[in-house]
*Asks:* 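Sharing a structure with you now.
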Amino acid sequence: MVSLWRWSAGLAVLAFRGIGQAAYQGGSPVISCDSIPEPTVPGAEILLMTRDLRLEWKGLVYDPSTGNFTLSPPLSVCTVNVTLTHPGAGDEVNVWVWLPTNGWNGRFQGVGGGGWQAGTYGFSSLGLSALQGYAAASTDGSNLFRQDGLDQAFLHELAVVGKAVTASFYGASSFRSYWNGCSQGGRQGFMIAQRYPDDFDGIMANAPALSWPNLALALAWGRHVLRVLDWRPSMCVMQAFKLRSTEACDALDGVKDGVISDPSACRFDPTDLVGQKVDCGLEGKKKVTRKDAQVAAMIRAGPKSTEGISLWDGYDWGTDYIGLLPAELSGVPDSIDLLTAVWIQYFLEKDPDFDLSHLTTVEQFTDLFASAYGEWGGLIGTDLPDLSRFRDAGGKLMSWHGTADELIPANNSIRYRKQVEGVMGGGGLVDDFYKFYVAPGAGHCSGGPGAHPQDFMKKLEAWVEENERPDVLGGKMKNLEGKDVERIICPFPSLARYDGTSDPDKASSYECEKSY
Ligand SMILES: *[C@@H]1O[C@H](CO)[C@@H](O)[C@H](O)[C@H]1NC(C)=O
Ligand SMILES: *[C@@H]1O[C@H](CO)[C@@H](O)[C@H](O)[C@H]1NC(C)=O
Ligand SMILES: *[C@@H]1O[C@H](CO)[C@@H](O)[C@H](O)[C@H]1NC(C)=O
Ligand SMILES: [Ca+2]
């Protein structure tokens, strides 16, 4: 695995061969993808390159603003598949590039992955980017490591291949390049800023899975707590803690809208629910037990060592429990079970057959924590705080993280941001190239009761291309009556505050105040 590092050592030299793709026959352009030349990828060989013209591609495209997959309008696109290998490694890396045949917006976009995969959203994301006019590329990060997300060299190769193919198809010698990723894809965006600072002009890296070795264990904590307490709660009861804590703390920010805007102000005691009955629909009424409350409190507090020392972030009140507890409780298919199991079995225990049911004590969990970062942090921690090479290359990075993120706590991003500020001269200087937003009530990449920043990619492009610095962002959400209302999302470390008197549905009724 370590040899991965070497492949990326040389700086990519893009081979622009200036091939025009549209030949004219009888007045109408005949588009052909056939003559796109093979790109030159330092340190790699191309095993196979296919080029397909699809005149009416339709597919389900992932829309991050809603979190839904919707059927796309027809798209005319060249789809280019490049399979690379690295001599001696016996691997195969696929890079897919989608090139809209009309309406190219002059930009290249690298599309990040999710979960364990370098390119989870794959074709749906490429389709969405191409529909929006981008030449877009994504990668599976190799057949050998597809399950492990150790993708740093592949990220650079995605950039090299994607840019070269884009340049030759459109005959363009210069264009802007952007990264677009959330979650694992957000982590990849930060990895690029840290290790390949010249590859992209702008990086959008939301809800990033930074400090992966610790974060992956924090994701396993709720599952571990059930083994420690030897308890199998009802998911309906667990969600009652989410609902009741939201009810208790919603209005602390002055607006009853289902969003806890400043979770640190929320004092909710889960033991208050013990003995109460929760209406669980078809399952009838369930009584909340002391162990249920203990599970909720331990997830809120986050992993703690045997001495009670905090090992990592917890999850704020109001956060959904579905991803934090085993899928068998929710009945919702959940890749987080697999992700946390793979992390512990393959990476920490190095035994694919390791039986997780043997992990039953806080001491065992503390031991896993003690070794995980030391062993894997350098490879996949993605938390090097020195971004000076990215800054000096003129790069711009934007990132938002929701406080109701049900997988990666916002504190995970806040910690990294503070570390960057610590080594790079403070928040003011960091804001010159890295803008960070905490979005109250927003869920993981999509969803959640709170507002998401609007037109985030457009804001990044305006920053890169017009030098328009992003500041306070507009956001939209549904209030408790289901009505579309406006909010603002403030640059870190500030937080939106309602003025207390004006119309709470209007953005103008909020102001950013220093908070974190
Ligand atoms: C997303 O899909 C779900 C389930 O199909 C639906 O209930 C919801 O209204 C959709 N949301 C949006 C914003 O389209
Ligand atoms: C390109 O890759 C995709 C995904 O693996 C595959 O569905 C498609 O058939 C490939 N195209 C060609 C021409 O091999
Ligand atoms: C997040 O960090 C803040 C500041 O350190 C802390 O007060 C808060 O309890 C943390 N939240 C969680 C859920 O860990
Ligand atoms: Ca509120």
Side-chain angles (χ1 to χ4, degrees), residues 33-34 36 47-54 57 59 77-83 92-98 117-127 137-140 143 146 165 214-215 218 221-222 245-268 296-304 310-319 324 401-419 438 440-442 448-451 477-480 485 487 492-493 495-498 500 504-505 509-510 515-516:
C33 313
D34 296 342
I36 301 172
L47 292 174
L48 184 70
M49 176 159 166
T50 62
R51 307 152 180 92
D52 260 340
L53 176 62
R54 304 199 208 179
W57 180 85
V77 70
C78 264
T79 62
V80 179
N81 293 4
V82 178
T83 306
E92 284 183 18
V93 181
N94 290 300
V95 179
W96 300 286
V97 191
W98 285 37
Q117 295 175 329
T120 293
Y121 296 138
F123 301 102
S124 61
S125 287
L126 287 176
S138 117
T139 177
D140 65 358
N143 62 329
R146 185 172 296 178
V165 167
N214 296 334
L215 172 64
W221 174 244
S245 60
T246 302
E247 277 164 25
C249 295
D250 183 352
L252 293 176
D253 53 27
V255 188
K256 200 128 174 69
D257 56 357
V259 174
I260 304 173
S261 293
D262 185 0
S264 61
C266 179
R267 307 269 169 267
F268 171 76
M298 287 173 84
I299 289 177
R300 163 67 186 84
K304 291 212 159 124
S310 171
L311 297 170
W312 207 248
D313 308 311
Y315 293 83
D316 281 308
W317 293 120
T319 304
L324 302 177
H401 206 133
T403 60
D405 191 312
E406 68 281 19
L407 296 177
I408 306 178
N411 271 5
N412 206 62
S413 275
I414 293 173
R415 173 190 294 104
Y416 177 71
R417 166 73 192 202
K418 285 181 175 166
Q419 285 166 352
V438 175
M477 58 177 251
K478 295 216 183 287
N479 70 8
L480 291 175
V485 298
R487 290 291 183 271
F492 182 83
L495 203 59
R497 293 253 183 254
Y498 173 51
D505 298 348
S509 310
Y510 296 81
S515 175
Y516 283 101

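One-based numbering, in listed order, for ligands and for the atoms of each. Quick note: residue numbers are just sequence positions, from 1.
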*Asks:* Find all atoms of ligand 3 within a distance of less than 4.0 Å from any non-hydrogen atom belonging to D316, and give their numbers and elements.
*Replies:*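 Contacts of ligand 3 toward D316, numbered from 1: 11 (N), 13 (C).
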
*Asks:* Below 4.0 angstrom from a heavy atom of N411, which ligand 3 atoms are there? Numbered from 1 as shown, please.
*Replies:*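 Contacts of ligand 3 toward N411, numbered from 1: 1 (C), 2 (O), 3 (C), 8 (C), 10 (C), 11 (N), 12 (C), 14 (O).
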
*Asks:* Ignoring hydrogens, tell whether any protein atom lies closer than 4.0 Å to atom 4 (C) of ligand 3; use the non-hydrogen atoms only.
*Replies:* no

*Asks:* Has V259 got an N, O or S atom lying less than 3.0 Å from the Ca ion (ligand 4)?
*Replies:* yes

*Asks:* Donor-acceptor check, side chain of S245 to backbone of G318, threshold 3.5 angstrom: yes or no?
*Replies:*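 Such a contact is found between S245 side chain and G318 backbone.
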
*Asks:* Is a side-chain donor-acceptor pair under 3.5 Å present for N412 with W312?
*Replies:*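 N412 and W312 do have a side-chain donor-acceptor pair below 3.5 Å.
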
*Asks:* Of all the atoms in V255, is at least one N, O or S atom closer to the Ca ion (ligand 4) than 3.0 Å?
*Replies:*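 It does; at least one qualifying atom falls short of 3.0 Å.
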
*Asks:* Can you pull out the closest protein heavy atom to atom 7 (O) of ligand 3? Residue, atom name and distance to 0.1 Å, please.
*Replies:* S264 CB, 4.8 Å

*Asks:* Just by distance, do the side chain of D253 and the backbone of S261 share a donor-acceptor pair under 3.5 Å?
*Replies:*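 Judged by distance alone, yes, a pair lies under 3.5 Å.
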
*Asks:* Mind listing the closest non-hydrogen atom pair of Y315 and D405 along with its distance?
*Replies:*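 Distance-wise, the nearest heavy atoms are CD2-O, 4.0 Å.
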
*Asks:* Looking at D257, which of its N, O or S atoms is the nearest one to the Ca ion (ligand 4)?
*Replies:* OD1

*Asks:* Between the main-chain N or O of M477 and the side-chain N or O of R487, is there a donor-acceptor pair closer than 3.5 Å?
*Replies:*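 No.
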
*Asks:* I'd like to know if the side chain of Y510 reaches the main chain of L495, judged simply by a donor and an acceptor atom lying under 3.5 Å from each other, with no hydrogens or angles considered.
*Replies:*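 Not a single qualifying donor-acceptor pair exists.
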
*Asks:* Please list, in number order, the atoms of ligand 2 under 4.0 Å from a heavy atom of W96.
*Replies:* 2 (O), 3 (C), 4 (C), 5 (O)

*Asks:* Check each atom of ligand 2 against the heavy atoms of D52 and keep those under 4.0 Å away; list them by number with element.
*Replies:* 13 (C)

*Asks:* Look at atom 9 (O) of ligand 3 and say which protein heavy atom is nearest, naming residue and atom and giving the distance to 0.1 Å.
*Replies:*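 That would be R300 NH2, 3.7 Å.
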
*Asks:* Do the side chain of W221 and the main chain of L324 share a donor and acceptor less than 3.5 angstrom apart?
*Replies:*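 Side chain of W221 to backbone of L324, a donor-acceptor pair under 3.5 Å: no, none is there.
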
*Asks:* Yes or no, since that's all I need: does a protein heavy atom fall within a distance strictly under 4.0 Å of atom 14 (O) of ligand 3?
*Replies:* yes

*Asks:* If you round to 10 degrees, what value do you get for the angle at the Ca ion (ligand 4) between D250 atom O and D253 atom OD2?
*Replies:* 80°

*Asks:* Can you name the atoms of ligand 2, numbered from 1 with element, that are less than 4.0 Å from a heavy atom of N81?
*Replies:* 1 (C), 2 (O), 3 (C), 8 (C), 10 (C), 11 (N), 12 (C), 14 (O)

*Asks:* Heavy atoms, side chains only, cut-off 4.5 Å: are I260 and T403 in contact?
*Replies:* no

*Asks:* With a 4.5 Å cut-off on side-chain heavy atoms, are V93 and D140 touching?
*Replies:*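 D140 reaches V93 side chain to side chain.
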
